[in-house]
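In what follows, chains carry the letters A, B, and so on, assigned in the order in which the sequence lines appear, proteins first and then strands, with residues in each chain numbered from 1.
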2 protein chains.
Amino acid sequence: MNAPSRRKFRREGEERRRQDLIDATLDSVAEHGLEGATVRTIALRAGVTAGLIRHYFPGKEDLLREAYAALMGRMTEQAKAALLMEDASPRRRLAAFVTANLNAPIIDQRVFSLWATFIGRAGADPALARAHREGYLGFRNEVEAVVAEVLAAERRKPDASELRHHAIAINAIIDGLWIEGCLAGEMFSPGELAAIGIKAIEAELGLAPEKQFQEK
Amino acid sequence: MNAPSRRKFRREGEERRRQDLIDATLDSVAEHGLEGATVRTIALRAGVTAGLIRHYFPGKEDLLREAYAALMGRMTEQAKAALLMEDASPRRRLAAFVTANLNAPIIDQRVFSLWATFIGRAGADPALARAHREGYLGFRNEVEAVVAEVLAAERRKPDASELRHHAIAINAIIDGLWIEGCLAGEMFSPGELAAIGIKAIEAELGLAPEKQFQEK
DNA sequence: AGGCTATTTATACACTTGCACAACAACGCC
DNA sequence: GGCGTTGTTGTGCAAGTGTATAAATAGCCT
């Protein structure tokens, strides 16, 4: 009796454990910030003990880096997925892209908290700044490509500088509305942000209102 | 000889010391994040010893709260200051407002780092979320007021909902471009962001290009 | 069934953290 | 000029930090 009573455990596959630890890290950061994301908190959340982290990651910093990379990957992946409707008109695709970016699950307070917490350290951490830069430029290039298609369909031939300015402005509109939605989502009715975004972007591009909204 | 050699110090006025400690806190957070802002780091930066912090603030949390309040105060104060040109036309005032918000010192990586670091915790800290909400609504109301003036000068009578949507969109444009500028300022030539912002906002409001840019 | 090995736990350690408290000394007041 | 007030320092402490390492055991292979 009064056995040493060591904790029971199961062995998991390496990839599974790494993902669990990364998810637990993101959860911890979202809930308590970077300061509250201690190895013990993370391990507890992942259902393991703290020592195990060092078996999968060289150190805590590496775990945080991989967690941030995973977050960015998921965000850009979701964002770009909305552009895959091949059969629609460029204008519809752009609208769908905006709509996807201004509704759940991309409008999400938890994701925003994570983004803000990590990006706040971009000024001090060059690796983090570079990761952001790449994600941002990738996103903006996607926007620029769709804008080019939209304008081409309207028989307009913008030069490179014009195109770039449109992409910067549209990116800003989406980012700005995304923040407003994440921070004060309940102040907007469903679909309102997307409607505002689409109208603003079409104004930026000088597009006439869609035919369906005009009198026949 | 080998006297105890206690550190020399000067007594400062209460307000001065509090401000120094708050500034040192913001510097520490900007440089090392919330995790790196320890009482010892902050005190060292302020040129005092750690114990003094407890003489001016009940605890570290209170110091952080006051530092965030000070940051928000300075940001909104600077932003609104650009609207004070009484003698200019509404349209010029709006343009000046945008220009002021999209150049130094408001476009600033350090300020952005601080904003992101603090706002990242808004999801978990209700007091912080409320502080943000108030600042945001105040800013948006300013925007809405100028927009109303601009449209009135154009003899247009927007209803409340229309006005609100314009304010939301314009706020998003400014915020989005602000972020782009803070995070990748060197990718834009001086004044470029402001020009993009003004064009996007005038498009949103359906304003014709200014007369000075049209052929006479 | 029984051992092998790598995953997992548990413990230890040096260091940092926020905070408490007593000693001290700078400055105003008489 | 001495003296009291109190701003300021220095030290101490318990709790928590990341990491190192040894001990244990779960699950695969034969």
TODO: Run the salt-bridge test on B:R74 and B:D23 with the 4.0 Å N-O cut-off and return the result as yes or no.
DONE: yes
- [ ] Take atom CG of A:L52 and atom P of D:dT25, then tell me their distance rounded to the nearest Å.
- [x] 16 Å
Task: Separation of C:dT8 C1' from A:L44 CG (nearest whole Å) - done: 16 Å
TODO: Search all heavy atoms of B:I173 against all heavy atoms of A:A172 and return the closest pair with its distance.
DONE: O-CB, 4.0 Å
TODO: Would you please confirm or rule out a distance under 4.0 Å between OP1 or OP2 of C:dC24 and any side-chain N or O of B:R7?
DONE: no
Open item on the list: Between A:E144 and A:H166, do the side chains contain a donor N or O and an acceptor N or O under 3.5 Å apart?
Closed with: no
Open item on the list: At 4.0 Å (heavy atoms only), tell me whether A:T38 reaches a base, stays on the sugar-phosphate, or touches nothing.
Closed with: sugar-phosphate
TODO: Check every strand shown and say whether B:E14 touches a base, only sugar-phosphate, or nothing at a heavy-atom separation below 4.0 Å.
DONE: nothing
Open item on the list: Please identify which of these residues, B:F112, B:F139, B:F188, meets the ring-ring contact (aromatic ring centres under 6.0 Å, His included) condition with B:W178.
Closed with: B:F112
Task: A:F9 side chain, from C-beta outward: closest of C:dT7, D:dT9, D:dT8 - done: C:dT7
Open item on the list: Expressed as a whole number of angstroms, how long is the span from A:L63:CG to D:dT19:P?
Closed with: 10 Å
Open item on the list: Is B:Y56 close enough to D:dG7 that one of its side-chain N or O atoms is under 4.0 Å from OP1 or OP2 there?
Closed with: no
TODO: Indicate whether OP1 or OP2 belonging to C:dA25 is found under 4.0 Å from a side-chain N or O atom of B:R10.
DONE: no
TODO: Could you state the atom-to-atom distance from NZ of A:K8 to C1' of C:dT9 in whole Å?
DONE: 12 Å
TODO: Could you check which of D:dC13, D:dT6, C:dA10 has an atom nearest any side-chain atom of B:R40?
DONE: D:dC13
Open item on the list: Nearest to the side chain of A:R11, heavy atoms from C-beta on, is which of C:dA10, D:dT25, C:dC27?
Closed with: D:dT25
TODO: Between D:dG18, C:dG18, D:dT9, spot the one nearest the side chain of A:K60, thanks.
DONE: D:dG18
Open item on the list: Expressed as a whole number of angstroms, how long is the span from A:E61:CD to D:dG18:P?
Closed with: 10 Å
Task: Rounded distance (Å) that lies between atom P of D:dA26 and atom CD of A:E12 - done: 14 Å
Open item on the list: Under 3.5 Å, is there any donor-acceptor pair linking the side chain of B:R6 to the base of C:dA25?
Closed with: no
- [ ] Report the residue (A:T41 or A:P58) whose heavy-atom-nearest nucleotide on DNA chain D is the more 5′ of the two.
- [x] A:T41
- [ ] Figure out the CZ/P separation between A:R16 and D:dG27, and round it to whole Å.
- [x] 13 Å
Open item on the list: Does C:dT7 have OP1 or OP2 under 4.0 Å away from a side-chain N or O of A:H55?
Closed with: yes
Open item on the list: Please report the distance, rounded to the nearest Å, between CZ in A:R17 and C1' in C:dT9.
Closed with: 11 Å
Open item on the list: Salt bridge check, A:K199 against B:E204: does any charged N sit closer than 4.0 Å to a carboxylate O?
Closed with: no
